[in-house]
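Structure record follows, encoded as structure tokens.
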Amino acid sequence: DVKVTQSSRYLVKRTGEKVFLECVQDMDHENMFWYRQDPGLGLRLIYFSYDVKMKEKGDIPEGYSVSREKKERFSLILESASTNQTSMYLCASSSPGLAGLSSYNEQFFGPGTRLTVL
Amino acid sequence: AQSVTQPDIHITVSEGASLELRCNYSYGATPYLFWYVQSPGQGLQLLLKYFSGDTLVQGIKGFEAEFKRSQSSFNLRKPSVHWSDAAEYFCAVAPTSGTYKYIFGTGTRLKVLA
């Protein structure tokens with residue numbers, strides 16, 4: 001069974017702390033994504049990575065950075081946490097595969113990390 | 001601009017009643033289309049997807065969706081709702097080539113009355 005795991009389900013941090021959110025997938029997927037989810041705003045893409053050490057900014061990258069040193073692991077870093085970064089963070093992975101195949105581009109999601117910054 | 005609209009923020013139905021959740025998209029060409037469900041405190045689970053071919057797509061848990069190109073819509077339906085269907089539902093589109101980024105709608109929260 002395919003699996004995306006996230007290091008914590010719930011996390012409480014203080015303003016100014018450096019925060020690491022870890023995501024691991026066991027499907028050998030090339031693509032990995034970090035989203036944040038807020039009520040009424042749906043899912044917004046923070047960063048994505050299409051290969052090891054490769055990354056691209058999503059729609060809301062400010063205040064975040066990422067690291068992908070190994071194919072299976074994609075980390076989201078909050079350099080200096082702020083209260084407006086309190087949110088649910090979701091990690092996902094996908095494989096480009098071959099266009100036209102039914103598995104193409106399907107994203108698999110982890111359970112999420114609910115981060116509270118005090 | 002590319003976008004996905006889910007016009008209903010909340011929907012309440014009685015158990016056993018039929019359900020339709022709306023999704024409209026704005027995109028340069030026909031994209032790949034997805035519906036995901038998120039149970040409380042959980043990640044997203046794929047219900048169904050449309051890539052090509054038959055415009056009526058069957059998914060898991062008794063859900064189906066119909067792609068209507070002329071209306072740029074991909075509405076989700078279920079003939080008889082169960083209490084366990086209470087969740088948030090997200091429509092998403094993705095390009096058929098190039099980047100792998102999804103565009104998500106803002107979600108519809110479904111409440112089921114016993």
Side-chain angles (χ1 to χ4, degrees), chain A residues 1-6 8-10 23 25 29-51 54-61 74 88-114, chain B residues 1-10 21-25 27 29-54 57-60 67 87-109:
Chain A
D1 213 9
V2 298
K3 208 164 187 181
V4 178
T5 56
Q6 295 183 228
S8 305
R9 293 299 302 274
Y10 299 93
C23 175
Q25 51 96 2
H29 282 171
E30 288 81 357
N31 308 320
M32 296 188 75
F33 307 81
W34 275 107
Y35 296 91
R36 70 176 278 177
Q37 181 182 13
D38 300 288
L41 297 178
L43 277 73
R44 294 179 291 168
L45 182 65
I46 304 171
Y47 267 97
F48 73 102
S49 168
Y50 50 90
D51 201 351
M54 307 300 288
K55 60 187 179 185
E56 282 197 26
K57 293 180 179 179
D59 301 316
I60 52 164
F74 191 35
M88 169 73 98
Y89 290 87
L90 293 168
C91 176
S93 71
S94 74
S95 177
L98 293 174
L101 291 184
S102 62
S103 60
Y104 178 71
N105 220 355
E106 177 181 338
Q107 291 193 15
F108 295 86
F109 283 83
T113 295
R114 185 164 294 282
Chain B
Q2 300 164 353
S3 64
V4 176
T5 301
Q6 294 181 246
D8 303 304
I9 300 173
H10 297 278
L21 303 182
R22 296 182 290 165
C23 174
N24 294 95
Y25 66 89
Y27 211 81
T30 299
Y32 291 151
L33 298 154
F34 306 84
W35 273 101
Y36 283 83
V37 60
Q38 184 181 34
S39 298
Q42 303 298 315
L44 274 67
Q45 180 184 20
L46 181 69
L47 281 176
L48 48 76
K49 58 196 175 189
Y50 173 79
F51 283 0
S52 64
D54 193 345
V57 180
Q58 302 297 319
I60 62 171
F67 168 57
E88 191 155 22
Y89 292 80
F90 292 93
C91 181
V93 302
T96 57
S97 62
T99 72
Y100 315 110
K101 293 167 57 175
Y102 278 28
I103 301 171
F104 280 91
T106 52
T108 297
R109 185 168 297 278

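Convention: sequence-line order gives letters A, B, ...; per-chain numbering from 1.
- With contacts defined as side-chain heavy-atom distances shorter than 4.5 Å, the pair Val4(A)/His29(A) does not qualify.
- A donor-acceptor contact under 3.5 angstrom links the side chains of Ser94(A) and Asn31(A), judged on distance only.
- If you measure heavy-atom distances from Leu43(A) to chain B, the contacts under 4.5 Å come from both the backbone and the side chain.
- In this structure, chain A has a heavy atom under 4.5 Å from the side chain of Glu88(B), while its backbone stays farther away.
- Judged as a side chain to side chain donor-acceptor pair (under 3.5 Å), and not counting sequence neighbours, Gln2(B) has no contacts.
- Between Phe33(A) and Tyr35(A), the ring planes are parallel. Angles under 30° get that label, and only those over 60° would be called perpendicular.
- Only the side chain of Gln37(A) comes within less than 4.5 Å of a heavy atom of chain B; its backbone N, CA, C and O stay farther away.
- In this structure, chain B has no heavy atom under 4.5 Å from any part of Arg114(A).
- In this structure, Trp34(A) contributes its side chain and Phe74(A) its backbone to a donor-acceptor pair below 3.5 Å.
- Within the 4.5 angstrom heavy-atom criterion, only side-chain atoms of Gln38(B), from C-beta onward, approach chain A.
- Residue Leu44(B) touches chain A through both its backbone and its side chain, counting heavy-atom pairs closer than 4.5 Å.
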